[in-house]
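Notes for the one structure printed next.
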Amino acid sequence: MRNRHAFRLAHWDYRENGAYFVTICTHRRRAVFGEIRGHVMGLNRFGCVVWNEWELLGQRRAEVILDEMIVMPNHIHLILFIEREGGKPDIDFETTNRLMSGSLGAIIRGFKSGVSREIGRMRGQKTEVWQGRYWERVVRDERELDLMRQYIR
């Protein structure tokens, strides 16, 4: 197994309230969601699944506030907020190795699973849609948030 560089912010609990910028690539970076023609992204039916699951994510998870998202042929960029009343659940994340409920990782896993399940249903077979990992950044201030929104737009 290759050594993988850890992109996570050291000592940050990803259940914390805040803004997160996330990039998720497709499996083998295949163009699954459509194509770009004349600087305009044209979604195919699988790209529409990503949009639908994005909207459902905001409906299913009370602690998630959707901000910006763009679907590209072989990846997506998104910004979401975790805003939970009373802060994060009272579990010490440093003493467990499992994915914590309510964490950014759990939220993204559910989103990716929903997209994969629906595309697999449409194709009539189990389908690998996503790479196993994703890239995220904790948004640190309003200036950074504005820059990330501009990048997505």
Side-chain angles (χ1 to χ4, degrees), residues 2-85 87-89 93-94 99-120 122-123 127-153:
R2 295 180 288 171
N3 289 334
R4 294 183 186 230
H5 176 70
F7 293 106
R8 298 209 176 256
L9 184 61
H11 307 294
W12 181 261
D13 184 341
Y14 282 83
R15 296 170 298 153
E16 289 284 346
N17 288 347
Y20 299 88
F21 176 83
V22 178
T23 299
I24 312 170
C25 294
T26 60
H27 181 68
R28 296 186 179 158
R29 299 202 180 185
R30 292 180 304 217
V32 175
F33 304 132
E35 61 184 49
I36 298 173
R37 289 188 184 165
H39 303 289
V40 176
M41 176 61 193
L43 297 179
N44 61 22
R45 64 189 182 133
F46 301 142
C48 291
V49 168
V50 175
W51 270 110
N52 291 338
E53 286 297 321
W54 172 247
E55 292 172 355
L56 288 172
L57 175 63
Q59 296 169 18
R60 291 177 178 150
R61 300 200 68 131
E63 75 275 18
V64 174
I65 297 172
L66 307 179
D67 193 78
E68 296 283 339
M69 201 258 293
I70 188 164
V71 180
M72 300 302 289
N74 65 354
H75 67 283
I76 65 171
H77 296 294
L78 61 88
I79 299 170
L80 62 79
F81 291 83
I82 296 176
E83 289 190 12
R84 182 180 288 112
E85 295 272 336
K88 67 183 180 206
F93 79 103
E94 292 183 357
L99 186 60
M100 301 301 297
S101 176
S103 69
L104 180 65
I107 292 164
I108 297 301
R109 179 181 63 185
F111 171 77
K112 288 169 61 175
S113 294
V115 170
S116 296
R117 187 172 37 256
E118 181 59 18
I119 290 175
M122 292 167 77
R123 293 188 70 225
T127 303
E128 281 192 84
V129 176
W130 304 108
Q131 285 184 350
R133 298 180 137 212
Y134 61 92
W135 182 88
E136 89 282 318
R137 179 171 174 82
V138 177
V139 181
R140 290 163 176 85
D141 57 36
E142 284 294 323
R143 182 184 158 281
E144 188 174 328
L145 180 60
D146 287 341
L147 288 171
M148 291 175 175
R149 285 173 173 155
Q150 288 175 26
Y151 178 76
I152 287 176
R153 290 179 190 143

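The minimum heavy-atom distance between L66 and E55, with the atom names listed, is CD1-CA, 4.1 Å. Between V32 and N44, the closest heavy-atom pair is O-ND2, 2.9 Å. Of all the heavy atoms in E128 and R30, the pair that sits closest is O-NH2, 2.8 Å. The shortest non-hydrogen separation linking D67 to W54 is N-CZ2, 3.9 Å. Contact between G34 and P73 at its shortest, heavy atoms only, is O-CB, 3.4 Å.
Here the straight-line distance linking atom CD of E16 with atom OG of S103 works out to 12.0 Å at 0.5 Å rounding. Note that CZ of R61 and CD1 of I82 are 8.0 Å apart. Values are rounded to the nearest 0.5 Å. The line from CD1 of I24 to CD of E136 is 10.5 Å long, rounded to the nearest 0.5 Å. Going from atom CG of L56 over to atom CG of N52 covers 6.5 Å, rounded to the nearest 0.5 Å. From F111, atom CZ reaches atom CG of L80 across 9.5 Å, with rounding to the nearest 0.5 Å. We find the CH2-NE2 distance between W130 and H75 to be 10.5 Å, quoted to the nearest 0.5 Å.
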(message) With side-chain contact (heavy atoms from CB on, under 4.5 Å) as the criterion, how do I79 and R149 come out once you've worked through the C-alpha distance, each side chain's angles and the decisive distance to 0.1 Å?
(response) CA-CA 8 Å; I79 299 170; R149 285 173 173 155; 3.8 Å; yes

(request) List the steps, then state whether side-chain contact (heavy atoms from CB on, under 4.5 Å) holds for R15 with L104. (result) CA-CA 6 Å; R15 296 170 298 153; L104 180 65; over 6 Å; no

(message) Run the side-chain contact (heavy atoms from CB on, under 4.5 Å) test on E68 and H77 for me, step by step, so that the C-alpha distance in whole Å, both residues' side-chain angles and the decisive distance to 0.1 Å come before the verdict.
(response) CA-CA 8 Å; E68 296 283 339; H77 296 294; over 6 Å; no

(request) Could you walk me through whether M69 and I152 pass the side-chain contact (heavy atoms from CB on, under 4.5 Å) test, one step at a time? (result) CA-CA 7 Å; M69 201 258 293; I152 287 176; 5.8 Å; no

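Each of N74, V49, V129 was checked for a side chain to side chain contact (heavy atoms under 4.5 Å, CB included) with F33, and the lone residue meeting it is V129.
Taking a cutoff of 4.0 Å between a charged side-chain nitrogen and a carboxylate oxygen, D141 and R143 do not qualify as a salt bridge. A salt bridge links R60 with E53: at least one charged nitrogen is closer than 4.0 Å to a carboxylate oxygen.
A donor-acceptor distance shorter than 3.5 angstrom exists from the side chain of R140 to the backbone of V138, with no hydrogens or angles considered. A donor-acceptor pair under 3.5 Å is absent between the side-chain atoms of K112 and the main chain of I107, judged by distance alone. Of the possible polar contacts, one joining the R84 side chain to the G102 backbone as a donor-acceptor pair under 3.5 Å is found.
The closest side-chain heavy-atom distance from I108 to V22 is below 4.5 Å. Looking at heavy atoms from C-beta onward, Q131 lies out of side-chain contact with R28 at the 4.5 angstrom threshold.
Legend: residues meeting side chain to side chain donor-acceptor pair (under 3.5 Å) with R123, ordered by chain and number and at least two apart, are T127. Residues satisfying the side-chain contact (heavy atoms from CB on, under 4.5 Å) criterion with E83, sequence neighbours excluded, are I65, F81. Applying the side-chain contact (heavy atoms from CB on, under 4.5 Å) criterion to L43, with sequence neighbours excluded, gives M41, C48, W51, V71.
The aromatic rings of Y14 and Y20 lie tilted to each other, with the angle between the two planes from 30° to 60°.
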